[in-house]
Amino acid sequence: MTTSHPLTQDELKALVGQAALQYVVPGGIVGVGTGSTVNKFIDALVGMKDQIRGAVSSSVASTERLKALGIPVFDANEVESLAVYIDGADEIDGHGYMVKGGGAALTREKIVAALASRFVCIVDESKLVAALGRFPLPVEVIPMAAHHITRRFAALGGAARVRMKDGQPLLTDNGQQILDVTGLTIADPLAFESEVNQWPGVVTVGVFAHQKASVCLLGTAQGVVKTFTY
Ligand code: 5RP
């Protein structure tokens, strides 16, 4: 793409959304994430909708968008495996470890990602970090455990806040709450994810290390850069 102005963040998201189509397997079912970057991917996927059987979606929002565009949506329980899952991230490092959940869809995102052989992460270059921890870490929790989990994060140096919407705790698609945790150092994402995931009341921690990205399509001023492949 040639332009006379620097690409906006929105244009970078559209670029990577379009580029992700190369990973969609004709005749298959594609795993679809959540967020503004994925929305660009869904919009691009419309051009291929007659070549795929449909999608498994990671949120009510993505399901509604897919259906509105005429793309069939399968329940995750209807499929045994997926060739590919395509999603954005709030942060990604050079190993493919990510922080996700800015859109509160982290639990379903991890479930759909677990079905897929390959995780293609689509981000603009603002999301690339040397080490995880800049973006407030989303953690989906059972509400009755929120204060206990907040104290456990405080012991690690983190400050947890319940995510709010319209003056009330935001409820996820699963009817649970989100804690956003600042001030953490996530030096070992694999160990951190394993540790926090087993705290009672934690539904899902937004570190995606055990299910890291296999490919990262990074939207840059120079175009789409494929940063690594595992
Ligand atoms: C939603 C997510 C999204 O992938 C993440 O928040 C990035 O979103 P966007 O593409 O809008 O920046 O994890 O739960």
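Both ligands and their constituent atoms are indexed starting at 1 by order of listing.
Under the 4.0 Å criterion applied to side-chain N and carboxylate O atoms, Lys212 and Glu193 are not assigned as salt-bridge partners. Between Asp180 and Arg161 there is no salt bridge, since none of the side-chain N atoms of the basic residue sits less than 4.0 Å from a carboxylate O of the acidic one. A salt bridge links Asp43 with Arg65: the closest approach of a Lys/Arg side-chain nitrogen to an acidic carboxylate oxygen falls below 4.0 angstrom. Under the 4.0 Å criterion applied to side-chain N and carboxylate O atoms, Lys100 and Glu109 are assigned as salt-bridge partners.
A cation-pi arrangement is not found for Arg118 relative to Tyr23, the charged atom failing to lie both closer than 6.0 Å to the ring centre and inside a 45° cone about the ring normal.
Around atom NE2 of His147, no more than 12 heavy atoms belonging to other residues, nucleotides or ligands sit under 6.0 Å away.
At a 4.0 Å heavy-atom cut-off, the residues surrounding ligand 1 are Lys13, Thr34, Gly35, Ser36, Thr37, Asp87, Gly88, Ala89, Asp90, Lys100, Gly101, Gly102, Gly103, Ala104, Ala105, Glu109, Lys127, listed by chain and number.
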